[in-house]
Every structure is written in C-alpha cells, then in structure tokens.
Amino acid sequence: MYRYDEFDRSFVNARVAQFSDQVERRLAGEITEDQFKPLRLMNGVYLQLHAYMLRIAVPYGTLNGRQMRKLAHVARTYDKGYGHFTTRQNIQFNWPALSDIPAILEELASVEMHAIQTSGNCIRNVTADHFAGAAADEVADPRPYAEILRQWSSVHPEFSYLPRKFKIAVTGAERDRAAIQVHDIGLHLKKDADGRLGFAVYVGGGQGRTPMIAKKIRDFLPEEDLLSYTTAIVRVYNLHGRRDNKFKARIKILVHETGTEELTKQIEAEFAALRDGELKLPDKDIRAIETYFAPPPLTPRPEGDDAVRQARLDSKDFADWLGQNVTTHKHADYAAVTISLKAIGEAPGDATDQQMEAVAALAEQYGFDEIRVSHEQNLVLPHVARADLKAVYDRLVETGLATANSNLISDIIACPGLDYCALANARSIPVAQEISRRFASLERQREIGELKLKISGCINACGHHHVGHIGILGVEKKGSELYQITLGGSGDETSSIGEIVGRGFAPDAITDAIETVVETYLGLRSDPSERFIDAYRRVGPAPFKEALYGREARAA
Amino acid sequence: MKILTANRLHDGEAVWFGTNGHWNEAIAGAAIAVDDEAVTALERIGVEAYENNQVVDVELIDVALADGEILPKRLRERIRAAGPTNRSDLGKQARPMISRAA
Ligand code: HEM
Ligand code: SF4
C-alpha cells in the first residue's frame with residue numbers, strides 16, 4: 001500500500017492546521033459564510049438537511065485495517081455510529097458538528113487520510129477498479145497511476161478553480177469495473193503489441209442532468225506521457241470550458257459543443273508542446289510508486305481447494321456466498337471477497353462502527369491488511385487464501401455482512417436522497433429497502449441473474465441511475481415524490497445510458513413496477529444465461545412499456 | 001403561512017425560529033407568519049441571525065396547521081423536522097423531549 005513520505009505528511013498536516021484555523025475564525029464570526037463556504041467545500045464539508053456532512057477520501061478505494069478502525073472510531077466518537085460508503089469510493093459521515101471537524105481531520109491525518117479535494121471545482125479523488133492488484137483479468141495494477149495522478153493534482157495551482165468538478169477513473173482490465181466511460185477522463189491501462197504499458201484515453205463522460213458516454217480520443221498513450229497528456233486535457237478544459245452556466249460547465253459539454261475531433265486536435269497540440277518537458281514520467285519514478293502497490297507475499301496455500309470443497313458440501317449458505325461474492329484471483333490459491341453492504345432491507349452503503357471494526361480485523365487476520373471500497377458501495381478483501389474463505393465467511397455472518405447478493409438485484413446502488421441530501425427531490429434509501437425486501441429470496445435473485453439496479457434522488461445522478469440496467473430517478477411532482485424508470489443503462493466496457501421507459505410511479509407503486517419489469521424480462525429471455533441487459537438490448541423497450549403501461553393505455 | 005428555519009452554525013443542527021424568540025431544535029413552537037408584514041419581520045430576523053453568524057441556510061418555508069401542529073408543506077421540510085425516514089432512531093424523532101422543551 002502507498003505510505004506517506006515526509007512531503008505528504010507535512011502537506012496533510014499543514015492543511016489540517018490551515019482548515020482548523022479557518023473553522024475557528026468562522027465560529028468566532030471573523031469570516032462570513034460566503035467566505036467560508038468555498039473553503040469548507042475544499043475540505044469535504046457540506047451542509048445537508050439535518051447537519052453538516054464530511055466526505056473523506058479513500059484514494060482509489062484502498063485502505064488498511066488501521067484506517068478502517070479510525071473510520072469506526074470517528075463514527076463512534078463524532079458521529080452516530082455509522083458511515084456511508086459512496087459510489088465515489090469515499091466515505092461520508094452525516095452528523096459531524098463543524099466544531100468537531102478539525103479534531104476529526106487531525107485523527108484522520110494520523111492514519112494518512114484526509115478530505116482534501118473531495119468536493120469543489122477541482123480534480124477529485126481518483127477512482128479505480130476495486131479488484132486492482134488482485135483480478136485475474138488485469139494487465140497491470142492501475143493504482144500506481146491513480147496515485148501519480150493524486151500527487152500531481154493535489155492543490156495543483158492551475159487546476160484548483162476549474163469550471164466545474166473533474167473526475168478521473170482508471171482500470172487495468174478489459175472488463176471495466178470502474179465505470180471509466182462516465183468520468184471526465186477515463187483511463188484504460190493496457191499493453192501495446194510490444195508489451196509496453198499505456199492507456200486508452202476517454203474524455204467527456206459523465207452523469208448528472210446531461211449524461212454522456214465518454215469519447216475515446218487516444219487508443220494508446222505511453223505511460224510516461226500520463227501527466228503531460230492529462231495536463232493537456234485539463235488545460236484545454238480550463239481555458240474553454242463554460243463558466244457562464246453551472247449546468248453546462250463539465251468537460252462533457254465542451255466535448256459535445258466543440259466536437260470530439262476539434263477538441264482532440266486542441267488537446268494533441270497542447271500535448272505536443274508539453275510532451276518532452278518536465279511532466280514526462282521517468283521510468284524509475286513510475287517503478288518506484290509501483291513498489292508501494294506490490295502484491296502481498298501470497299504464499300502457496302494449495303489446501304484451499306479441499307477446504308472449499310468440503311465446506312461447500314457442509315453448508316449451502318456458504319456455497320451460495322462462494323458463488324456470488326467471491327471473485328477469481330491472479331493467484332490460484334487466493335480469491336477476492338466482496339463484502340456486501342446491502343443486507344436485505346438495509347440502507348445501501350451504510351456500515352456501523354462495529355462492522356467497520358470487524359472488516360478491519362478480518363483484513364488484518366486473513367487479508368494482508370488490505371480493504372477496498374467499491375463504487376458499487378460494497379467493501380472488498382482483495383487477497384484472501386481460499387483455505388481461509390470459510391473462516392472469513394463465518395465471521396461475516398456474525399456481523400451481518402455475509403449477504404450473498406453481489407451483482408444481483410438487491411445489490412442496489414442508492415444515493416442518500418431526501419433522507420439526508422439538501423439537493424434531493426425524492427427519497428432513495430426507502431425505495432432501495434423496499435425493493436430489496438420484495439426480492440429478499442436469494443434463490444429468486446439468482447434465478448434473475450446479474451441485474452444492476454441504481455437509484456438517485458435527483459437528476460445529479462450520484463446514485464448512477466443512468467447506467468443502471470434498471471435505473472430509478474426520484475423527482476418531485478406537485479409536492480410529491482415520483483419515480484421514473486430508465487432501462488438499458490450500463491457502466492462497464494459496453495457503457496450505455498438508460499432510456500426513460502414512460503411516466504413515473506408513486507412511492508407505493510414503484511416496487512410493483514420494478515417487479516413487472518423483472519417478470520417481463522424473465523418471460524422473454526432466450527435462456528437463463530441471457531442477462532437482463534443483454535435481453536433488453538435484444539428486444540428494446542417495447543415489451544417493458546407494454547407490461548408497465550399497455551393495459552391502461554389500451555383502456556384509455 | 002410561513003415559518004423561519006435554518007441550520008445552526010457550529011453544529012449544523014436544524015433549527016426553527018420560535019415564538020420564544022430563540023432558535024429552537026424542534027419545529028413545534030415556531031413563530032408563524034400569516035400576513036406579509038409578519039413574513040417581512042421573520043425575514044429580517046433571518047438575515048440578522050445569518051449576519052450574526054448564529055445560523056446558515058436560512059429559509060422561510062410554507063406550513064399548514066394540522067390538529068394544532070405545524071406541518072410543513074414540503075416533504076423535504078417534514079424530513080428536516082423529524083430525521084431520516086429510514087432511521088427512526090436518528091434526528092429529532094429520536095428525541096421526543098426536545099419538542100416539548102421548545
Ligand atoms: C451532500 C450530498 C451531495 C451533494 C450536494 C452532491 C452533489 C452533486 C452534484 C451537484 C452533482 C452533479 C454534477 C454535475 O452534473 O455537474 C453530483 C454528481 C455525482 N455525485 Fe454527488 N452529491 C452528493 C452526494 C453524493 C454521494 C453520496 C455520492 C456517492 C454515492 C455522490 C456521487 C456522485 C456521482 C457518482 C455523480 C455523477 C457523476 C458526475 O459527476 O457526472 N454524490 N453530485
Ligand atoms: S443524486 Fe441528488 S439526491 Fe442523490 S445525493 Fe446526489 S444530489 Fe443528493
């Protein structure tokens with residue numbers, strides 16, 4: 001794992017001291033809210049409906065046991081005993097007092113964590129594949145590059161006042177688990193014909209009110225050019241991105257209005273001027289950062305096969321969990337474990353302080369002290385010996401973390417929505433809870449197969465509804481909540497934006513409508529291996545429209 | 001019918017301006033403005049409290065009376081007054097005492 005060097009440490013400490021002073025002056029009334037707001041936003045502090053909210057960065061979703069324990073401690077001491085893991089691989093606390101935030105940040109700094117650039121119009125926390133360094137299908141670990149980007153972008157003087165927020169995601173596998181095509185920049189780490197590492201570069205993806213799939217503007221960018229090329233992109237955006245209208249300020253709008261070809265030309269021109277300058281990454285620097293992410297000492301544990309075979313026979317629940325939440329590892333004796341934060345009927349992404357402690361303990365005992373936060377709001381133990389899977393499972397059962405629903409319909413992404421969020425139009429969490437309860441039977445869920453259901457409480461789309469196989473968007477209509485359904489979205493290497501299927505549904509009708517969509521799919525799939533998304537792409541929206549609205553449309 | 005609400009500066013707690021002249025942690029007892037004049041007066045109190053750095057996010061909200069209790073028109077404000085609907089153990093709803101104290 002990455003360890004802070006002297007520079008990182010003093011940088012983060014200096015920021016804590018600076019922000020503590022700003023908070024103190026704000027509380028003393030020496031600075032106004034107008035002056036303070038941009039400062040607090042640069043430090044991850046929002047104001048929601050009930051209280052302040054603190055968003056803490058989990059760089060590329062990687063943390064260790066000590067850091068997770070610190071989050072548990074913060075939840076217990078300064079908050080209300082839980083935290084919310086988000087689609088941005090961050091964690092949010094919903095109840096901190098402003099006057100406590102300096103103390104929280106100081107505690108976080110002691111375990112090399114911070115809240116810098118988790119909000120504001122700057123380059124945000126860089127996200128990455130949650131199986132990075134473990135996935136069998138990976139070309140190389142994307143996290144060293146995410147770390148390089150983090151160092152480069154932290155308080156970057158040129159890029160601290162961009163037209164709007166800027167999000168970068170990196171994946172190291174063909175199978176995109178980081179949703180790179182819906183980010184401002186998406187980087188796909190790969191090898192060229194000569195075996196050199198580099199990136200396919202995507203620009204201008206995004207969700208929000210104008211969802212767009214990114215355009216690929218480079219098929220192969222050599223790794224040493226990562227910073228010069230990224231600088232070229234952000235510089236062109238910083239110069240030409242719109243500042244007249246907040247809703248048109250993201251780079252996706254610039255790409256759309258300028259045209260991909262013209263914008264690529266501008267970026268390439270900027271890149272040509274930068275490429276052989278000081279931003280060129282020396283090979284030894286990349287390799288040095290890489291050593292921080294070296295795989296742990298995965299000693300052979302061949303007894304795993306027998307152990308798993310036996311345990312599977314002994315327990316059907318374990319077998320189910322194995323089938324759903326355990327992912328193939330590079331090393332045949334190991335596996336990556338997905339810890340579901342989607343227990344049936346619970347708020348997606350929420351974890352109590354005790355659960356955080358339990359996960360930390362498991363990581364320390366069985367997982368080489370590594371934990372990941374996935375953008376699907378789950379936790380991951382990336383390196384667990386297959387021989388230890390049963391022990392890990394048993395402990396997860398004890399803390400309510402063993403739900404075997406990864407990638408199934410109850411593995412729902414949901415934003416905080418109107419239960420917390422000041423921008424919301426409708427609630428998300430209760431909708432997720434009710435759908436999860438309706439489909440509680442894991443047997444039924446497995447029969448349905450992979451199905452990504454994502455819910456946002458307003459068009460900002462923090463809950464990724466645009467890229468849900470089934471998306472739900474909460475809107476406010478005549479003072480009441482109403483839920484629109486979109487179908488056919490996807491956030492992987494075949495990204496697509498879901499299409500609105502028809503008029504919205506009231507809170508007491510949305511779960512039935514989702515069930516209708518699912519039953520329609522089950523009735524028309526060519527065979528059980530045809531996933532929802534594939535079936536939708538084959539047949540289009542018509543059968544779903546018919547099922548949802550047909551009868552009444554004919555009656556009218 | 002309008003009342004004045006905000007979040008307290010130092011801890012972010014949702015508060016309402018009460019007939020007792022204080023910013024209370026419960027909506028019960030909020031000062032209700034029924035005519036333009038009273039609305040303007042509340043507005044002025046809000047601006048002042050904001051400038052005094054007591055509160056932030058000051059807002060006048062529409063309410064109705066239901067069985068003598070103040071009921072905000074918008075769900076958003078009802079949730080602010082009670083707490084997250086998925087967690088009855090959190091927010092004002094978990095502290096019935098504060099509504100009485102107000
Ligand atoms: C106080 C709470 C929050 C506020 C005020 C907020 C605000 C926003 C806004 C305004 C946008 C639209 C940006 C645009 O279209 O330019 C947005 C997008 C987004 N937010 Fe949030 N958000 C909040 C919580 C969250 C949470 C909890 C998550 C993760 C679960 C999240 C993740 C995202 C993502 C993934 C997007 C869409 C990607 C994109 O930027 O295009 N946000 N948010
Ligand atoms: S999608 Fe809307 S309601 Fe949900 S967290 Fe984002 S801003 Fe809030």
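We name chains A, B, ... by the order of the sequence lines, and we start the count at 1 in each one. Computed over heavy atoms, backbone and side chain alike; hydrogens, waters and symmetry mates excluded.
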> Measuring heavy-atom distances to chain B, does I429(A) have an atom under 4.5 Å in its side chain, in its backbone, in both, or in neither?
Replying inline: side chain
>> Only pairs of heavy atoms separated by less than 4.5 Å count here; which of G12(B), P84(B), G91(B) has the most with chain A?
In response: P84(B)
>> Assess the residue pair V56(B) and F36(A) against the criterion (side chain to side chain contact (heavy atoms under 4.5 Å, CB included)); give the C-alpha distance rounded to whole Å, side-chain angles, the decisive distance to 0.1 Å, and a yes or no.
In response: CA-CA 11 Å; V56(B) 291; F36(A) 181 65; over 6 Å; no
> Do other residues, nucleotides or ligands put more than 12 heavy atoms under 6.0 Å from the CG atom of N52(B)?
Replying inline: yes
>> Using side-chain heavy atoms (C-beta onward) and a distance below 4.5 Å, is D419(A) in contact with R87(B)?
In response: no
>> Show the nearest heavy-atom pair for residues P430(A) and T85(B), with the distance to one decimal.
In response: CG-OG1, 3.5 Å
> Heavy-atom distance under 4.5 Å between the side chains of N53(B) and R26(A), does that happen here?
Replying inline: yes
> Do R76(B) side-chain atoms and A422(A) backbone N/O form a donor-acceptor pair below 3.5 Å?
Replying inline: yes
> Is the count of non-hydrogen atoms from other residues, nucleotides or ligands lying under 6.0 Å from Q35(A) atom CD greater than 12?
Replying inline: yes
>> I'd like to know if the side chain of N7(B) and the backbone of L49(A) have a donor-acceptor N/O pair within less than 3.5 Å.
In response: yes
>> I need the R8(B) CZ to L98(A) CG distance, nearest 0.5 Å.
In response: 12.5 Å
> So which part of Y82(A) gets closer than 4.5 Å to some heavy atom of chain B, the side chain, the backbone, both or neither?
Replying inline: side chain
> So what's closer than 4.5 Å to chain B heavy atoms on Y52(A): side chain, backbone, both or neither?
Replying inline: both
> Could E476(A) and R74(B) be called an ion pair, given the rule that one side-chain N must be under 4.0 Å from one carboxylate O?
Replying inline: yes
>> Working to the nearest 0.5 angstrom, can you tell me the gap between N86(B) CG and S428(A) OG?
In response: 10.5 Å
>> Counting neighbours of NZ on K73(B) that are heavy atoms of other residues, nucleotides or ligands and sit closer than 6.0 Å, is the number greater than 12?
In response: yes
> CD1 of I79(B) to CZ of R427(A): how many Å apart, nearest 0.5 Å?
Replying inline: 5.0 Å
>> So for atom CD, which belongs to E515(A), do other residues, nucleotides or ligands contribute more than 12 heavy atoms lying within a distance under 6.0 Å?
In response: yes
>> So, using side chain to side chain donor-acceptor pair (under 3.5 Å) as the criterion, who are the partners of S436(A) when residues are at least two apart?
In response: none
> What do you reckon, is CD of E106(A) surrounded by more than 12 foreign heavy atoms closer than 6.0 Å?
Replying inline: no
> What part of Q433(A) lies closer than 4.5 angstrom to a heavy atom of chain B: side chain, backbone, both or neither?
Replying inline: side chain
> Among A424(A), A28(A), G29(A), G479(A), who wins on heavy-atom pairs under 4.5 Å with chain B?
Replying inline: G29(A)
>> The test is side chain to side chain contact (heavy atoms under 4.5 Å, CB included); show your working for L9(B) and E33(A) and say whether it passes.
In response: CA-CA 9 Å; L9(B) 171 68; E33(A) 186 64 12; 4.2 Å; yes
